[in-house]
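Index from 1, following the sequence.
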Amino acid sequence: MPEYYSSIGEAVGAAMQHNIRLAHRSVAPSSDKPLQVRHLPGPSADPYSVRGTIARLTEDATPDEVAGIIEEVNGALAGALPELTELVAAAAHWTRVRLTFDDPHHNPTAETWTRLAAARGMLREVQEQLEVAVDGIAACPAERTDPRFHEMDNVLRTRELLDDVLGAGAPPTGRNPEADRQRAARTSSPQAAAQRTPSTASTTEGRASTLPSRAPRAR
């Protein structure tokens, strides 16, 4: 599967749904609802996106590199986590302006607003925890410890990104990974491909060779 879904389960589910539609189609293809294919650029296309950040946070990264990544994610101006917090706050505000209290025994809108407000508060707490964790990360040993210690705590990653499954290594000589993804999408979803514009993949090849320079962390 191409890198068009955030997890391998989502990609497999979409492929199965598409195959079922093809097998049981009883109407003209033009009347069938087209599949919505969302193209997600690979981590190399934007090393400071969430996907790019995950790809950079490897087990072999140095403590300072990991601390710097967490600082980027939690940065007040352009960090992914504060932006997500603001998104949830905006959803809560959207709900707030639709509140009514005419029926004190039934107010699902108020319940929804309460959940969104609580989610926003949890995200703010996560930001505070990460601010404290940055110094602890920088103080961690650079070398890996004995594997027997690793088994004492559970692995926390719950999603398997397509890059984990397919690998994000360098493609064979003469191959363009972006063009391969576009071609695979057209093959797996002809109706969606008809609505897509021509790819500009050639402009993204080789972006991952160097990362934009970042100022060293303040001690």
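Other residues, nucleotides and ligands contribute more than 12 heavy atoms inside 6.0 Å of the NE2 atom of His150.
Rounded to the nearest 0.5 Å, atoms CG (Leu116) and CD (Glu111) are 12.0 Å apart. Here the straight-line distance linking atom CE of Met122 with atom OG1 of Thr85 works out to 12.5 Å at 0.5 Å rounding. Remark: Arg56 CZ to Ile54 CD1 distance equals 11.5 Å, nearest 0.5 Å. Ile70 CD1 to Thr53 OG1: the interatomic distance, rounded to the nearest 0.5 Å, is 9.0 Å. Interatomic distance, Asn107 CG to Asp102 CG, rounded to the nearest 0.5 Å: 8.5 Å. Arg96 CZ to Arg98 CZ: the interatomic distance, rounded to the nearest 0.5 Å, is 11.0 Å.
Counting heavy atoms from C-beta on, the side chains of Leu123 and Arg120 never come closer than 4.5 Å.
Remark: the backbone N or O of Thr62 is paired with a side-chain donor or acceptor of Glu65 at under 3.5 angstrom. Remark: the backbone N or O of Arg148 is paired with a side-chain donor or acceptor of Asp146 at under 3.5 angstrom. In this structure, the side chain of Asn74 does not engage the main chain of Leu130 through any donor-acceptor pair within 3.5 Å.
In summary, Arg144 and Asp60 engage in a salt bridge, as defined by a charged side-chain N under 4.0 Å from a carboxylate O.
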